[in-house]
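No hydrogens, no waters, no symmetry mates; every other heavy atom, side chains included, goes into these values.
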Amino acid sequence: MALYEKTASELSELLGKKEISAVELAKDVFARTKAVEDKVQGYVTVTEEAALQQAEAVDKKRAAGEKLSALAGIPIAIKDNICTKGTLTTCASKMLYNFKPPYNATVIEKLTAADAVITGKANMDEFAMGSSCENSAAHPTHNPHGLDRVPGGSSGGSAAVVAAGEAPLALGSDTGGSIRQPASFCGVVGLKPTYGAVSRYGLIAFASSLDQIGPFGRSIEDAAMLLDAVTGHDPLHDSTSVKTPFEGSLRANLNANVKGLKIGLPKEYFGEGISEAVRKNVMAAAEAYKAMGAEVFEISLPLVEYALPIYYILSSAEASSNLARFDGVKYGYRTPNAGDDITELYTKSRSEGFGAEVQRRIMLGTYVLSSGYYDAYYKKARAAQRKIREEFANAFEKCDVILTPVAPTTAYEIGSKTTNPLEMYAGDICTVSVNIAGLPGLVQPCGFDENHMPVGMQLIGPRFGEQTLLNAGLAFEQASGLKNIIAAL
């Protein structure tokens, strides 16, 4: 088995025993990238030279007998909206085509301290707005399991490079399902942490009250290992970050015993629009949990019906505010055709620099925040958000975790939904409520459809319930054997 085919946990063990070197591992992963990247197109920027230097430094530390972290020498891809000092960070947008941040995001500082090896910046939907990784100014990313299919979005590049063997781990961001949906489409593990568990400093904002950085891996243990490295209170840079009860201990406390675990199946998530392949595989997972001694029963979350409009009102409103900083003056793209008129400079720079989907959401957000419409839309959406949070809190008085589909279908063909934004938005119905409520959500493979495209299942937990989610995920992973699924390509 080639090194790129192993999980991050397996590679960490081999590195710790000095059976392989970090340089050897990095070269193997980049050889795989060179072999398949032209098909997958999962990266915007590959940083091979810098990564090999990082790997060489890790090997020197290990040879000197220094105590190293579990991530030391492990290659990790980074979503292109997470700031990396001196490396292009474009948000897959023409607006930031030349932006090299003068600082690192907090998560990058943590990975650097852990001696991880950064392989490059993964492709995404522009400014994290999209569900297919087709809204990228660089290029669309292809699903490694079916090159004519989308990988999901907006963190489609991060999921695709993990599924293709181009990196054993990756970081993404999740505003309404942007880690979980591509994890499902690409057959990998993805975890959206509790809001505040991971610092957002250096994450280029889409919707600040919903955005959260999280891990991709090819096993539950991999996801736990990466999440351990990036969680933590960041009072200096992110006032919304908090000290978590599990900080740095998730992997050490993994336990696959689910006997007595109470699992809720919300009937609203299995209704009209959910494909038979998705329903069949998720319900089979529920039966597997019953066989392992868990208590599985139906629950109701009726307000989920309103999650999509709530999400698109709130996220677009915040996007219209956050993206106002991109004006053609301070950094990034500036139109060459403005003359001396400042208003024309703003208008043309933003019209030329932003893609269609970003412009669509800015306009929607500006509308719902405008005089005369704020009370009718934004204020009502905030009130409804509180109701959804209360509904989930009540549900978790009866159950420990909630099991649902991730998306109504498996990965669809590239280009099949680009002309109908509403149809694409509808694909987020199973994921957006988790962000609205600020809860953690874990996605992992649970089977395949008739075309052998991966099907994922979603486990939702209460605030800071990541350990329970990972334990439940590990139990299913061991029972099903569905881990480390790499596309043959």
Side-chain angles (χ1 to χ4, degrees), residues 8-9 11-16 18 20-23 25-26 29 47-87 89 100-122 158 167-173 191 193 196-204 212-217 221-253 466:
S9 305
L11 293 169
S12 179
E13 186 177 349
L14 291 172
L15 287 164
K18 298 184 181 179
I20 62 171
S21 70
V23 169
L25 171 57
V29 168
T47 55
E48 182 175 1
E49 184 178 347
L52 289 171
Q53 290 173 358
Q54 292 169 343
E56 188 176 346
V58 172
D59 287 338
K60 287 179 180 177
K61 288 183 179 182
R62 185 164 276 123
E66 292 188 31
K67 185 177 180 181
L68 299 175
S69 80
L71 281 181
I74 301 295
I76 300 177
I78 307 296
K79 188 176 180 180
D80 200 33
N81 61 347
I82 299 173
C83 287
T84 44
K85 185 176 180 179
T87 300
T89 302
K100 292 184 179 180
Y103 67 98
N104 278 327
T106 295
V107 292
I108 301 300
E109 289 293 327
K110 286 177 174 285
L111 292 180
T112 300
D115 293 305
V117 173
I118 294 175
T119 59
K121 307 306 289 290
S158 296
L169 295 172
L171 280 183
S173 68
L191 197 157
V198 179
S199 173
R200 290 182 297 106
Y201 178 70
L203 173 67
I204 298 174
Q212 190 62 85
I213 296 170
F216 287 94
E221 188 178 2
D222 286 4
M225 182 166 67
L226 182 50
L227 189 55
D228 274 340
V230 298
T231 52
H233 189 204
D234 185 15
L236 184 63
H237 295 122
D238 182 3
S239 62
T240 65
S241 76
V242 294
K243 186 171 178 59
T244 66
F246 54 78
E247 193 166 320
S249 66
L250 292 168
R251 185 187 184 203
N253 290 317
E466 278 83 343

Testing the basics here: between [X] and [Y], what is the closest heavy-atom pair and its distance to 0.1 Å?
{"X": "Ala170", "Y": "Ile76", "value": "CA-CG2, 4.0 Å"}
{"X": "Gly214", "Y": "Pro193", "value": "CA-CD, 3.8 Å"}
{"X": "Ala72", "Y": "Leu68", "value": "CB-CB, 3.7 Å"}
{"X": "Ser69", "Y": "Ala114", "value": "OG-O, 2.7 Å"}
{"X": "Thr231", "Y": "Gly248", "value": "OG1-N, 4.0 Å"}
{"X": "Ala197", "Y": "Val242", "value": "N-CG2, 4.4 Å"}

(request) For the pair Tyr103 and Tyr201, name the ring-plane relationship: parallel under 30°, tilted 30 to 60°, perpendicular over 60°. (result)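 Rings of Tyr103 and Tyr201: tilted, 30 to 60°.
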Report yes or no: does [X] contribute a side-chain atom to a donor-acceptor pair with the main-chain N or O of [Y] at less than 3.5 Å?
{"X": "Thr89", "Y": "Lys100", "answer": "no"}
{"X": "Asp80", "Y": "Ala122", "answer": "no"}
{"X": "Ser12", "Y": "Ile74", "answer": "no"}
{"X": "Ser241", "Y": "Asp234", "answer": "yes"}
{"X": "Gln212", "Y": "Gly196", "answer": "yes"}
{"X": "Gln54", "Y": "Ile118", "answer": "yes"}

Close side-chain approach of [X] to [Y], heavy-atom, < 4.5 Å:
{"X": "Val117", "Y": "Leu25", "value": "no"}
{"X": "Asp238", "Y": "Thr106", "value": "no"}
{"X": "Val198", "Y": "Leu227", "value": "yes"}
{"X": "Leu111", "Y": "Ile78", "value": "yes"}
{"X": "Ile213", "Y": "Ile82", "value": "yes"}
{"X": "Asp115", "Y": "Leu71", "value": "no"}
{"X": "Ile204", "Y": "Cys83", "value": "yes"}

Could you pull out all residues at least two apart from Ser9 that satisfy side-chain contact (heavy atoms from CB on, under 4.5 Å)?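 By the side-chain contact (heavy atoms from CB on, under 4.5 Å) rule, Ser9 matches Thr7, Ser219, Glu221, Asp222, Met225, Arg251.
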Kindly write out the residues that satisfy side-chain contact (heavy atoms from CB on, under 4.5 Å) with Ala223, not counting sequence neighbours, or none if the list is empty.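 Listed in chain order: Val189, Pro215.
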Any chance the side chains of [X] and [Y] put a donor and an acceptor closer than 3.5 Å?
{"X": "Lys121", "Y": "Thr84", "value": "yes"}
{"X": "Asn104", "Y": "Thr112", "value": "no"}
{"X": "Ser158", "Y": "Lys79", "value": "no"}

[atom1] of [X] to [atom2] of [Y]: how many Å apart, nearest 0.5 Å?
{"X": "Asp228", "Y": "Leu250", "atom1": "CG", "atom2": "CG", "result": "4.5 Å"}
{"X": "Leu171", "Y": "Phe216", "atom1": "CG", "atom2": "CZ", "result": "9.0 Å"}
{"X": "Arg62", "Y": "Ser21", "atom1": "CZ", "atom2": "OG", "result": "9.5 Å"}
{"X": "Glu247", "Y": "Glu466", "atom1": "CD", "atom2": "CD", "result": "12.0 Å"}

Practice item. Please step through side chain to side chain contact (heavy atoms under 4.5 Å, CB included) for the pair Leu15 and Ile20, ending with a clear verdict. Key: CA-CA 5 Å; Leu15 287 164; Ile20 62 171; 3.8 Å; yes
